[in-house]
Colleague: 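Quick one: the structure is below, and I'll ask about it shortly.
Throughout, protein chains are lettered first and strands after them, A, B, ... in sequence-line order, and every chain is numbered starting at 1. These numbers were taken from a predicted model, which means no experiment stands behind them.
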Number of protein chains: 2
Amino acid sequence: MRPTQLECKKRILSDAVPLFAKSGYDRVTMRQIAAKARITAGSLYHHFPSKQDLYLEAMKQVFTDRTRRLTEALSEDGHPADRLRNLVFRFCKQLREDRIFSRLIDREILDGNEERFRMIVDKVFKEFFSEMTRLCKELAPMFDPYLLAISIVALAAYHYQITPIRKYLPGGRPSYDDPEIVAQHIVTLIFNGIGHKPHVGIGKKRKGDPPA
Amino acid sequence: MRPTQLECKKRILSDAVPLFAKSGYDRVTMRQIAAKARITAGSLYHHFPSKQDLYLEAMKQVFTDRTRRLTEALSEDGHPADRLRNLVFRFCKQLREDRIFSRLIDREILDGNEERFRMIVDKVFKEFFSEMTRLCKELAPMFDPYLLAISIVALAAYHYQITPIRKYLPGGRPSYDDPEIVAQHIVTLIFNGIGHKPHVGIGKKRKGDPPA
DNA sequence: GTCTATAACATGATAGAC
DNA sequence: GTCTATCATGTTATAGAC
């Protein structure tokens, strides 16, 4: 049976997504996309009016796809602290397994325009972020929920964003790739902090403190 | 007075850096760089053998320039907690003022190759990161200093990395751009955590809970 | 020798004819 | 769907200006 036009478009987009994530918009040629979809470059223009349009449709597809899983972990039953803990563990696992999502978002933040930012926030982050701030309000009423939500995402996202260069940092070990280890560290930090000193007006007297 | 060869090259690089930060390697044409330096595209090849070489030299210049300021805040006198607090505040201020550095690093992480990763870590992060881990060891001996150092950088870097889309998130206010506010939030979180619950064995155990 | 301008070539994105 | 033309861009070769 011949694939419908819609199926054909979807297939082309699914083929194109990993290419864009790996190399970025400019370094992906229409010929590469066409080759992966087993048609010729010109034929792509039968389905999509331009490379830009193909790209934007690909983004929409992959973002809406990944969004669901992200929000799931937040809308479960249980104690708020457990929900946060679960979220961090799942998020780290997903970031570790799927570099595509993270890379595409980073590329969008660097190269997108205002219209695309609105689209991404609306389609990808809005619902997830609302759930996050709600959880933060429950869990830590003394904190600004907006800043705290971003901080929590930051901790997980950044650890895996810098994966490619992390191994060259002094002291790096392969185990630092392990989602369990990273997530446990993040959860401990979020709940307890480094638990050392109050955060204002501390220890101003001694000059040249001896190392601990 | 005629500029020397070195001055001429430096000028071209300084002109090129903001272009690369804004649009990325591929979207910057040799003709654009040449126009900004008030020469023609062909003439660029008298100074640099290729676009790649021009780009790499530009990166080296901007990275070594920014590195110094980053490490300064860490090598001051004072109580470790104060040093960390100072670092976070300075880092946030710098990230807020200078988007170029941050954008170039994000682009490098996305598009660089192993050789370039090594170069960047060596020239930009190694010294800074060593100081960070040393500080972390002093300040929070119970934590893995490597993971903690990354987490601290993550909190500051990510808040400003997502600046372009932050304003579209529900609950966003202009004050969340203010380095003082962001830095204070980060410092409070690092030192105290959300101060709510212990980080293991909380609530009831549920199906699919990650191991503690 | 040192810098620059000009012209020309190869490749890739894209539009339009078939 | 395919094929061809056009345009932008990295790059090279060559020659002029100081």
Colleague: What integer distance in Å separates B:Y55:OH from D:dT11:C1'?
Modeller: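 The answer, rounded to whole Å, is 20 Å.
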
Colleague: Just how far, in rounded Å, is C1' of D:dG10 from CE of B:M30?
Modeller: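 Distance check: B:M30 CE to D:dG10 C1' gives 7 Å.
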
Colleague: Roughly how many Å is it from CZ in B:R11 to P in C:dC3, rounded to a whole number?
Modeller: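 Interatomic distance, CZ of B:R11 to P of C:dC3: 11 Å.
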
Colleague: Write down the distance between NZ (A:K9) and P (D:dG1), rounded to a whole number of angstrom.
Modeller: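 Rounded to whole Å, this separation is 13 Å.
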
Colleague: Is it the case that D:dG10 (base atoms only) and B:R31 (side chain only) share a donor and an acceptor within less than 3.5 Å, ignoring hydrogens and angles?
Modeller: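 Indeed, a donor on one side and an acceptor on the other fall under 3.5 Å apart.
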
Colleague: Rounded to whole angstrom units, what separation is found between the CZ atom of A:R27 and the P atom of D:dG10?
Modeller: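 Distance, rounded to whole Å: 12 Å.
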
Colleague: A:T40 side chain N/O closer than 4.0 Å to the phosphate oxygens (OP1, OP2) of D:dT2?
Modeller: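 Indeed, a polar side-chain atom of A:T40 lies that close.
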
Colleague: Rounded to the nearest 0.5 Å, how far does CD1 of B:I190 lie from CG of A:L189?
Modeller: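 Result: 7.0 Å between the selected atoms.
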
Colleague: Please state how far atom CD1 in B:I33 lies from atom P in D:dT9, giving the value in whole angstrom units.
Modeller: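 Nearest whole value for this atom pair: 12 Å.
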
Colleague: I need the CD-P distance between B:Q52 and D:dT9, as an integer number of Å.
Modeller: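 Taking CD of B:Q52 and P of D:dT9, I get 18 Å after rounding.
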
Colleague: Counting heavy atoms from C-beta on, name the nucleotide in D:dT2, D:dG10, C:dG12 closest to the side chain of B:T29.
Modeller: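 The listed nucleotide nearest to B:T29's side chain is D:dG10.
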
Colleague: Taking only N and O in the side chain of B:Y45, is any of them less than 4.0 Å away from OP1 or OP2 of D:dT12?
Modeller: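 The answer is no; no side-chain N or O of B:Y45 sits under 4.0 Å from OP1 or OP2.
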
Colleague: Answer yes or no: does a side-chain N or O of B:H46 lie under 4.0 Å from OP1 or OP2 of C:dA5?
Modeller: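 The answer is no; no side-chain N or O of B:H46 sits under 4.0 Å from OP1 or OP2.
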
Colleague: Distance check needed: C:dC3 C1' versus B:I39 CD1, whole Å only.
Modeller: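 Taking CD1 of B:I39 and C1' of C:dC3, I get 9 Å after rounding.
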
Colleague: First locate atom OH of A:Y146, then atom CZ of B:R166, and finally report the distance between them rounded to the nearest 0.5 Å.
Modeller: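 Nearest 0.5 Å value for the OH-CZ distance: 5.5 Å.
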
Colleague: Work out which heavy atom in B:K126 is nearest to a heavy atom in B:D122; give both atom names and the distance.
Modeller: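 Taking every non-hydrogen atom into account, NZ-OD1, 3.3 Å.
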
Colleague: Does a side-chain heavy-atom distance below 4.5 Å link B:F101 with B:V124?
Modeller: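 Yes; the side chains approach each other to less than 4.5 Å.
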
